[in-house]
Amino acid sequence: QVQLVESGGGSVQAGGSLRLSCAASGATYSGYSMGWFRQAPGQEREGVAVIVSDGSTSYADSAKGRFTISQDNAKNILYLQMNSLKPEDTAMYYCAATRGRLAGWARLLWRNYNYWGQGTQVTVSS
C-alpha cells in the first residue's frame with residue numbers, strides 16, 4: 001500500500017519561498033508518476049508539477065519559472081520548491097502518485113492519480 005505524507009506548508013508573504021516535502025512509502029519512483037496538486041476553497045483540484053519515472057517533469061503554466069519539482073530517490077522524498085509566491089498560490093497542496101509513466105497532458109490531471117496524501121496548507125499574504 002502506498003502512503004504519502006506531506007510537510008512544509010505554512011504562511012508566507014508574497015514573494016517568499018516554501019519547500020514542500022512528501023515522504024513516500026510503498027512506492028518506488030522508478031515505477032510511478034508523482035506529483036503535486038493543489039485545491040483552493042470552492043475550486044477544483046489542479047495539477048501543479050509532476051515528475052515521472054524517466055525524470056521528466058511537467059508544470060502548470062502558473063508554476064513555470066517559479067516552482068521546481070524534484071525527488072530524492074535514496075530517501076523516497078518528493079519535493080516542491082516554491083519561489084516568488086503569490087496570494088493566488090494559497091491552497092491545500094497534495095502529493096499524489098500513480099503506477100506507470102503518464103505522458104503529456106495526462107500528467108497534470110488529478111483524476112489519473114490513485115494515491116494521495118492528507119495535504120499541507122500554503123497561505124500567501126499580500
Side-chain angles (χ1 to χ4, degrees):
Q1 182 70 13
V2 176
Q3 291 187 322
L4 305 171
V5 180
E6 304 97 333
S7 60
S11 297
V12 295
Q13 291 192 327
S17 298
L18 283 173
R19 188 176 78 160
L20 306 183
S21 299
C22 173
S25 60
T28 58
Y29 294 122
S30 61
Y32 286 77
S33 299
M34 307 279 296
W36 290 96
F37 297 76
R38 66 186 183 187
Q39 188 167 19
Q43 297 187 21
E44 187 174 2
R45 191 167 298 189
E46 63 176 0
V48 177
V50 171
I51 187 166
V52 298
S53 56
D54 64 359
S56 62
T57 57
S58 297
Y59 292 91
D61 287 344
S62 59
K64 289 177 181 177
R66 299 188 301 128
F67 295 1
T68 302
I69 189 171
S70 63
Q71 61 193 32
D72 184 328
N73 291 336
K75 297 181 180 179
N76 259 13
I77 298 177
L78 183 73
Y79 298 103
L80 183 67
Q81 178 67 45
M82 303 187 295
N83 299 326
S84 302
L85 283 162
K86 305 174 181 179
E88 51 264 44
D89 294 318
T90 295
M92 185 71 79
Y93 282 71
Y94 298 91
C95 174
T98 193
R99 291 182 184 272
R101 189 173 72 191
L102 295 174
W105 55 267
R107 292 179 179 181
L108 291 172
L109 295 182
W110 67 268
R111 292 181 177 84
N112 290 331
Y113 290 77
N114 303 114
Y115 305 101
W116 293 86
Q118 82 288 351
T120 186
Q121 178 67 38
V122 172
T123 302
V124 184
S125 58
S126 58

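Residues V124 and E88 fail the side-chain proximity criterion, which asks for heavy atoms closer than 4.5 Å. Contact of the F67 side chain with the L85 side chain is registered, since non-hydrogen atoms from C-beta on lie closer than 4.5 Å. Using a 4.5 Å cut-off on side-chain heavy atoms (C-beta onward), V50 and L102 make no contact. Side-chain atoms of K75 and S21, non-hydrogen and from C-beta on, never get closer than 4.5 Å to each other. The shortest distance between side-chain heavy atoms of F37 and Y113 falls below 4.5 Å.
In this structure a side-chain-to-backbone donor-acceptor pair under 3.5 Å is missing from T120 to S7. Using modelled atom types, no side-chain atom of S126 and backbone atom of P87 make a donor-acceptor pair closer than 3.5 Å.
For A60, the side chain to side chain contact (heavy atoms under 4.5 Å, CB included) partners two or more places apart in sequence, or in a different chain, are S62. Among residues two or more places apart in sequence or in another chain, the salt bridge (charged side-chain N to carboxylate O under 4.0 Å, His left out) test is passed with R101 by D54.
For the pair A91 and A40, the tightest heavy-atom approach, listed with the atom from each and the gap, is CB-N, 3.9 Å. Closest non-hydrogen pair, A24 versus M34, comes out as CB-CE, 4.2 Å.
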Derivation of the side chain to side chain contact (heavy atoms under 4.5 Å, CB included) call for I69 and Y59: CA-CA 9 Å; I69 189 171; Y59 292 91; 3.4 Å; yes

Chi angles and distances behind the side chain to side chain contact (heavy atoms under 4.5 Å, CB included) call for Y32, I51: CA-CA 9 Å; Y32 286 77; I51 187 166; over 6 Å; no

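Linking Ile, Leu, Val, Met, Phe, Trp and Tyr residues whenever their side-chain heavy atoms come within less than 4.5 Å leaves Y94 and L109 in two separate clusters. Linking Ile, Leu, Val, Met, Phe, Trp and Tyr whenever their side-chain heavy atoms come within less than 4.5 Å puts M92 and L108 in one cluster.
A 6.0 Å sphere centred on CD of Q13 holds no more than 12 heavy atoms belonging to other residues, nucleotides or ligands.
A salt bridge is defined here as a Lys NZ or Arg NE, NH1 or NH2 lying under 4.0 Å from an Asp or Glu carboxylate O, and D89 with K86 fails to meet this definition.
Between the side chains of E6 and W36, no donor-acceptor pair is found at a separation under 3.5 Å.
Each of M82, R38, Q81 was checked for a side-chain contact (heavy atoms from CB on, under 4.5 Å) with L20, and the lone residue meeting it is M82.
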